[in-house]
Amino acid sequence: MFQKILIANRGEIAARVISTARRLGIATVAVCSEADRGALHATLADEAVVIGAAAVSESYLRADAIIDAALLTGAQAIHPGYGFLSENAGFVEAVEAAGLVFIGPPAAAIRAMGLKDAAKAAMEKAGVPVVPGYHGAAQDLATLAEAAERIGYPVLIKARAGGGGKGMRLVEKRDDFAEALAGAQREAQASFGDPAVLVEKFITSPRHVEMQVFADAHGHVVHLFERDCSLQRRHQKVIEEAPAPGMTEEVRAAMGRAAVEAARAIGYRGAGTIEFIADGSRGLRTDGFWFMEMNTRLQVEHPVSEAITGLDFVELQLRVAAGEPLPVVQEDLRIEGHAFEARLYAEDVGKGFLPATGRLSHLAFPEHVAFQNGTVRIDSGVRQGDEISPWYDPMIAKVIVHGSDRQTALSRLAHTLDTVRVAGAVTNLAFLSRLARHPGFAAGGVDTGLIGRDIADLSRQTTPSEETVIVAALALDGLIGQRDVGKSEARLRGFRLWRNCPFQTRLLHGEDIVDVAVEIDGNQISNSTGVVFALRTKDNHIMIENGSISRRLDIALWDNAVTVFDGGNATTYRRFDALARASSGEASEDCIVAPMPGQVIFLAAEAGRRVKAGEVLVIIEAMKMEHTLRAPRDAVIAEVAVRHRQQVSDGNRLILFESLEDR
Ligand code: ADP
Ligand code: ADP
Ligand code: MG
């Protein structure tokens with residue numbers, strides 16, 4: 001076994017690998033960008049090496065700097081995590097050329113699966129069923145449109161170099177094909193430097209079911225059962241589970257066999273995932289699943305499989321990379337219970353899942369274990385006070401639960417999500433909580449369209465309770481507050497109020513103005529209709545008493561804002577500031593404002609040009625998605641305040657318009 005390894009990644013996965021290495025007595029070296037000095041992963045490791053600037057191309061994607069760091073610190077092997085260089089065959093070769101061990105598959109296996117078109121061709125040859133479609137070399141519109149015709153609509157256009165749901169477009173009808181193709185090619189070029197695409201039959205009622213495989217250097221290959229990852233938005237996974245609902249022993253055996261075949265066909269070694277698309281319209285069937293792609297690395301959602309098998313996949317990866325035989329054989333593997341994982345992100349669900357940024361002024365989880373199997377497991381790469389920056393993936397944590405059966409595990413997920421406390425950035429927490437309570441999901445009726453169909457309901461804002469609004473107002477006025485803001489053990493200052501005192505204030509909830517007018521008498525709060533509740537502070541939370549019933553609220557104060565947690569609902573209010581509001585009022589029909597931080601990857605605007613309502617003027621790209629900004633009305637462009645390739649922040653004014661009449 002190795003004595004020292006380097007982890008070529010950041011965030012939760014780096015912390016995850018460090019945790020297992022430490023348990024096995026292996027020393028760890030972290031690498032970090034300048035922006036990540038002091039980040040959790042860098043402080044957890046025994047040593048950390050700064051490898052470059054914040055932009056990933058200048059740090060986490062720099063193979064040379066990472067290999068130098070390993071040589072400098074005497075690490076013997078490199079764990080790539082997921083993302084970044086994990087599926088880069090050139091990196092594997094460079095690591096090996098430097099006399100180091102890559103904790104992952106051989107370069108040739110990565111190459112065989114790296115491009116989706118070549119991978120499909122190889123799998124067809126190995127007898128694994130693949131999604132019907134076109135994966136040829138010709139890339140002109142006529143050839144691809146004709147292929148789509150032959151396959152039959154709806155079709156899915158995919159970047160052959162794709163990953164993370166990028167460069168993918170669903171096309172329902174012929175008329176939309178050309179525009180969708182252009183979009184997919186542009187996104188593919190921008191993200192992967194390769195515009196080539198394939199066209200696939202879009203499977204109806206699609207379910208994403210994937211098989212975990214492990215192979216050692218001695219010819220043993222096993223599968224560790226399936227995961228269902230059908231709950232997706234923009235082709236990205238949101239909640240994953242293992243085993244798959246409705247899976248039968250027969251289908252599992254067939255899928256497991258196909259996955260093991262696939263791994264054998266390319267001489268695989270280490271942890272890998274074979275992703276299948278299944279036709280969910282008639283239940284899972286042995287003739288109703290097709291190979292989509294193989295991810296030649298540890299997957300984000302690997303903890304759900306760890307939970308049901310009781311294994312530590314990072315330990316298996318380390319053992320296999322060190323040349324040991326797999327410590328398990330297929331016949332001995334059993335499924336224990338059921339597990340779910342929910343991905344908690346800083347993102348704005350209501351704005352189409354736009355990535356968000358911010359300082360996590362408050363971050364607290366219920367009792368849990370981290371980076372190892374447990375009933376409630378939370379793997380996170382950030383701590384309270386850390387910044388979610390525009391540079392990296394906006395994931396905050398993975399919330400993983402395990403239970404004796406699916407229903408127990410799902411209730412546990414819903415309850416656990418309700419007790420997560422996060423403030424300082426917009427998150428998808430409320431959305432996850434709703435999703436965990438979705439009746440169709442609870443019944444096991446999952447398909448990749450579920451979130452999209454019910455998005456209005458899943459992203460609905462709940463009306464905050466009257467107590468929530470009043471507590472927010474009192475907190476923003478300093479009447480109740482925290483001592484030691486910023487420390488995890490922050491305690492509330494004792495609540496003491498005057499006798500018979502009217503209290504009036506104005507708050508902002510998003511863009512809405514909220515007026516609060518109450519009467520305070522000791523700890524009794526009343527409005528014009530009578531006593532509403534009594535309020536007491538206890539340790540670090542607030543008790544609301546309505547008659548004989550009392551309920552707990554938590555608050556987090558940050559940057560002129562307060563977040564009130566009432567059960568699973570978190571509501572944020574700001575102080576109303578009439579001046580600031582007047583100046584932001586222009587974000588209307590007269591300008592285009594960046595809705596998220598990101599980079600301008602397309603700009604079709606020059607001052608003086610006449611544009612039509614709906615015309616695409618700017619495309620911004622952030623972490624994993626493209627966002628298109630269109631002209632709000634027929635107008636003339638007065639000013640263009642950005643350049644192509646420029647990095648912009650949330651709220652920056654990009655384009656100003658004058659009206660046609662002004663001319
Ligand atoms: P996939 O969606 O490809 O099946 P995952 O859900 O495991 O796989 O990961 C989503 C995608 O985003 C992957 O392609 C992975 O490489 C990428 N990714 C995930 N997390 C990060 C990260 N922290 N940094 C960079 N890329 C990431
Ligand atoms: P990526 O590399 O971006 O993860 P995949 O090929 O794995 O790309 O596809 C991502 C997601 O897109 C899948 O999980 C699935 O939801 C959807 N998808 C992919 N191919 C098909 C298909 N042929 N029919 C229906 N949905 C599909
Ligand atoms: Mg995939």
Side-chain angles (χ1 to χ4, degrees), residues 82-84 86-88 110 113-124 128-135 147-148 151-172 180 183-184 187-188 190-192 194 196-213 226-241 244 255 259 262 272-281 284 288-302 341 343 353 393 446-453 623-626:
Y82 52 71
F84 297 138
S86 62
E87 297 182 89
N88 185 317
I110 294 181
M113 289 295 185
L115 297 177
K116 291 184 204 286
D117 50 359
K120 282 181 78 175
M123 289 302 105
E124 249 171 348
V128 176
V130 304
V131 188
Y134 171 85
H135 46 263
I151 296 162
Y153 286 95
V155 299
L156 194 62
I157 305 175
K158 278 186 189 179
R160 69 167 179 186
K166 272 193 198 169
M168 201 175 296
R169 293 287 188 283
L170 168 61
V171 196
E172 312 262 8
E187 207 168 296
S191 311
F192 314 110
D194 175 0
V197 298
L198 46 153
V199 184
E200 271 182 6
K201 176 82 198 151
F202 182 76
I203 306 298
T204 45
S205 302
R207 281 181 63 175
H208 175 120
V209 183
E210 58 184 33
M211 275 277 164
Q212 175 71 49
V213 295
E226 78 284 355
R227 292 181 285 262
D228 191 303
C229 312
S230 299
L231 293 194
Q232 303 182 346
R233 49 104 174 106
R234 296 193 180 218
H235 306 300
Q236 288 168 18
K237 300 158 185 172
V238 178
I239 293 184
E240 303 99 338
E241 63 179 302
M255 218 180 241
T273 295
I274 317 285
E275 296 189 334
F276 294 102
I277 194 87
D279 173 358
S281 61
L284 294 172
F289 65 86
W290 301 270
F291 170 89
M292 268 192 306
E293 65 160 348
M294 179 171 188
N295 291 326
T296 51
R297 55 173 161 87
L298 196 64
Q299 203 93 338
V300 176
E301 59 274 21
H302 75 275
E341 172 186 281
R343 301 187 187 191
F353 300 98
D393 191 272
V446 291
D447 73 89
T448 62
L450 183 144
I451 289 179
R453 279 194 303 275
M623 266 329 272
K624 290 182 184 175
M625 63 178 72
E626 261 189 15

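As the structure is a prediction and not an experimental result, all values here were calculated from the model. One-based numbering, in listed order, for ligands and for the atoms of each.
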Tell me which part of Lys237 gets within contact of ligand 2: side chain, backbone, both or neither, using heavy atoms under 4.0 Å. neither
Please determine, by modelled atom types, if Glu210 and Thr273 share a side-chain donor-acceptor pair under 3.5 angstrom. no
Does the pair Arg160/Glu293 count as a salt bridge with the N-to-O cut at 4.0 Å? no
Looking only at N/O atoms, are Gly165 and ligand 2 under 3.5 Å apart anywhere? yes
Heteroatom proximity flag, Glu200 to ligand 2, N/O under 3.5 Å: yes
Should the pair Arg227-Glu341 be classified as a salt bridge under the 4.0 Å nitrogen-to-oxygen rule? no
Is there a heavy atom of Gln236 sitting under 4.0 angstrom from any atom of ligand 2? no
Distance (rounded to the nearest 0.5 Å) between Leu284 CG and Glu226 CD: 8.5 Å
For the CZ atom of Phe202 and the CD1 atom of Ile157, what is their distance to the nearest 0.5 Å? 13.0 Å
Electrostatic pair Asp393-Arg343, nearest N-O below 4.0 angstrom: no
Distance under 4.0 Å to a non-hydrogen atom of Val131: what atoms of ligand 2 satisfy this? 23 (N)
Enumerated ligand 2 atoms positioned under 4.0 Å from heavy atoms of Gly162: 2 (O)
Glu293 OE2 to Glu275 OE1 via the Mg ion (ligand 3), rounded to 10°, gives 90°
Within a distance under 4.0 Å of any heavy atom of His208, pick out the atoms of ligand 2 and give their elements. 13 (C), 14 (O)
In ligand 2, the atoms that come under 4.0 Å of a heavy atom of Glu275 are 7 (O)
Side chain, backbone, both or neither: which part of Ile203 comes within less than 4.0 Å of ligand 2 when only heavy atoms are counted? both
Just go through Lys158, Glu293, Lys120, Met292 and tell me whose heavy atom is the nearest to atom 6 (O) of ligand 2. Lys158
Subset of ligand 2 atoms that lie under 4.0 Å from at least one heavy atom of Leu156: 18 (N), 19 (C), 20 (N), 21 (C), 22 (C), 27 (C)
How many angstroms lie between atom CD1 of Ile110 and atom OG of Ser86, to the nearest 0.5 angstrom? 7.5 Å
Looking only at distances, can you tell me whether any N or O atom of Lys166, backbone or side chain, sits closer than 3.5 Å to an N or O atom of ligand 2? no
Could you check if a side-chain atom of Phe289 sits within less than 4.5 angstrom of a side-chain atom of Val209, using non-hydrogen atoms only? no
Residues at least two apart in sequence or cross-chain that pass side-chain contact (heavy atoms from CB on, under 4.5 Å) with Lys158, listed by chain then number, are Lys116, Leu156, Met168, Leu198, Glu200, Met292
Quick note on ligand 2: atoms under 4.0 Å from a heavy atom of Thr448 include exactly 16 (O)
Are Pro154 and Val171 packed together at the side-chain level, in the sense that at least one heavy-atom pair is separated by less than 4.5 angstrom? no
Going by the order shown, which atoms of ligand 2 are within less than 4.0 Å of some heavy atom of Gln232? 11 (C), 13 (C), 14 (O), 15 (C), 16 (O)
